Protein chains: 2
Amino acid sequence: MLTEDHFTLSEGAEHNNPRFLACKYCRALSLCEFSSGEGRQSKNDRKIIKRHRKIRRGEFPYRAGDPFHSICVICSGAVKTYALNRDGSVQITGFHISGELMGLNAVNTKQHTCDAVALENTYICEILYSHLQELCDESFIARRLIFRILGDQIAHDQMVLMPLIGAKSATQKLAAYLLSLSQRFERRGLSTDEFRLSMSRGDLGNYLGLAKETVSRLFSRFVDEGLITLKARHIRINDRKRLTLMATKAPSV
Amino acid sequence: MLTEDHFTLSEGAEHNNPRFLACKYCRALSLCEFSSGEGRQSKNDRKIIKRHRKIRRGEFPYRAGDPFHSICVICSGAVKTYALNRDGSVQITGFHISGELMGLNAVNTKQHTCDAVALENTYICEILYSHLQELCDESFIARRLIFRILGDQIAHDQMVLMPLIGAKSATQKLAAYLLSLSQRFERRGLSTDEFRLSMSRGDLGNYLGLAKETVSRLFSRFVDEGLITLKARHIRINDRKRLTLMATKAPSV
DNA sequence: CGGCCTTTTGACAGGCTTCAAACTGGGTGG
DNA sequence: CCACCCAGTTTGAAGCCTGTCAAAAGGCCG
């Protein structure tokens, strides 16, 4: 499915260049190259994908209430999404890293229900959903692709979120989430054992339903026990086996 | 989209007859009538949907490892799904009531990852997924329908599951889940304020990450405070406003 | 009507949150 | 380039919430 077209857009890229990373991950998704590969005959082919929008730390890819018009692919960087409760408190609904999609929960409502904010300088590609749907009317491959994207999202939500709800201790929650993060980095072709935690302890706590102090204390305990190494927001997993045990087993450990 | 065909299948039905309920809810989904309405010209039209399979309490609609071949619609009754951890402990992944879909998380893996077991005598319709996909190649409406189904599932997971993860107290969790259950019954045309809890306290606790005793105690407290009325597994919500407050607000109430 | 599973209620121990204070690190301006 | 500053992080102490263990009461099904 790769086309020169595709590579042209990334020309001059180097390994550390976010534009290059973008296409590397989109390729893994087989979404970007598809969007640029199909429909070449049309003059509007470029409109289906808006490439490499730069979003600085603290800026918003989209806000709650914005009309939904495109699926966002994170090329590099990280984004958190959150909803505001009526009483003013915030509920973080997810963290999204390079190669992942954002905003799929709005495909039916046609309106974003969460705010999205960049945790660090971030590049995103936007794929216009209405155009992608039109493409589906013509292309068998597009149909299967979009089914796969939606299905993956459902499977991901079920498999990752459920253990976090059912976890009976803070230890379980944090261990489980670290492992799921690790898997996500691996799936994007990055290191499984060593990665950057772009979110603050407070954000993590809010997401997992824990106080930020508890998160901090658990990290310290994990370090003491040799499970992980931590330098500021850079984490390395040293003992995946035991971490997995803590994620599933009863809190009596 | 309704056809005589459709009504024929439910003939002789009465309001309390599960077969009638089946079609009532499927109509709400616009999935069943579509499946029987489209493709009438074909001789295979009946194969796309397998109607009204009866499943007794304790029986399994499907097991983990089974090949995924159809989307299950619950006509009447209730089903829980759960996964087994390596250490033998179970993690309940969801409760499904009449009018809802099951097994969507397997559309891509092509293999079920959870066990599903009926909490009471249950009727389900099965819609063959491969046939539905083929239908998508021919029908615009089928495409939009399946997008809507998948999109709804994603939105549901995001909106319902996230608050449960982020809840900071047992009270929040249980109140939030009762309200989301209530919404689900309403969406299916049933009473918002009065419904049956098909699952045991233990199941609820397992799902929410609470001890069954805690669930029981919270129910008692809710009753004492006049928020709900409880008779065995029949619940009535008396003060939705305050229950909503407990679902979002800090545990200091 | 009897047996069994579920639910309720109590007591206690332990984990988590809250409040508070000291510390660290990244970003800014001189 | 360095010092400063502030947000984020770590660590401590105390109190509440929730899990665990235990026993009694209730409800459902044969």
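Lettering follows sequence order; numbering is per chain, from 1. It should be emphasised that the depicted structure is a prediction, and the values quoted were computed from it without experimental measurement. Keep in mind that the numbers below use all heavy atoms, side chains included, and drop hydrogens, waters and symmetry copies.
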Let me know the distance between [atom1] of [X] and [atom2] of [N], rounded to the nearest Å.
X	N	atom1	atom2	value
B:Arg201	D:dG27	CZ	P	11 Å
A:Arg56	C:dG27	CZ	P	14 Å
B:Leu208	D:dT18	CG	P	12 Å
A:Arg221	D:dT10	CZ	P	15 Å
B:Asp203	C:dT7	CG	P	8 Å
B:Lys212	C:dT9	NZ	P	16 Å
B:Asn206	C:dT6	CG	C1'	16 Å
A:His234	D:dG8	NE2	P	21 Å

When you measure from the side chain of [X] to the backbone of [Y], do you find a donor-acceptor pair of N or O atoms at a distance under 3.5 Å?
X	Y	value
B:Gln172	B:Thr248	yes
A:Ser191	A:Asp193	yes
A:Arg242	A:Glu225	yes

Compare side-chain N and O positions of B:Arg233 against OP1 and OP2 of D:dG27 and report whether any pair is under 4.0 Å apart. no
Could you tell me whether B:Gly205 contacts a base, only the sugar-phosphate backbone, or nothing, with contacts defined as non-hydrogen atoms closer than 4.0 Å? nothing
Classify A:Ser216 by what it touches in the nucleic acid, base, sugar-phosphate, or nothing, heavy-atom distance under 4.0 Å. base
Sequence neighbours excluded, every pair satisfying salt bridge (Lys or Arg N to Asp or Glu O under 4.0 Å) that has a member inside residues 54-79 of chain A: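 Passing the test, one end in residues 54-79 of chain A: A:Arg63-A:Asp115.
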Distances for protein N or O near nucleotides 19-26 of chain C N or O, under 3.5 Å:
{"residue": "C:dC19", "atom": "N4", "partner": "A:Glu213", "partner atom": "OE2", "Å": "3.3"}

Show me the pairs that pass side-chain hydrogen bond (donor to acceptor under 3.5 Å, both in side chains) and involve residues 195-205 of chain A, at least two apart or across chains.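 For residues 195-205 of chain A, and leaving out neighbouring residues, the side-chain hydrogen bond (donor to acceptor under 3.5 Å, both in side chains) pairs sorted by first residue read A:Lys80-A:Asp203, A:Glu120-A:Arg196, A:Glu120-A:Ser198.
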Map A:Ala211 and B:Ser220 onto DNA chain C by nearest heavy atom, then report which one ends up closer to the 5' terminus. B:Ser220
Which nucleotide wins on minimum distance to the side chain of B:Thr214, given the candidates D:dT18, C:dT17, C:dC16?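 For B:Thr214, the side-chain atoms sit closest to D:dT18.
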Verify the distance criterion only: is there a donor paired with an acceptor across the side chains of A:Thr244 and B:Arg86 at less than 3.5 Å? no
Spacing of B:Ile235 atom CD1 and B:Leu178 atom CG [to the nearest 0.5 Å]: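 Those atoms lie 4.5 Å apart.
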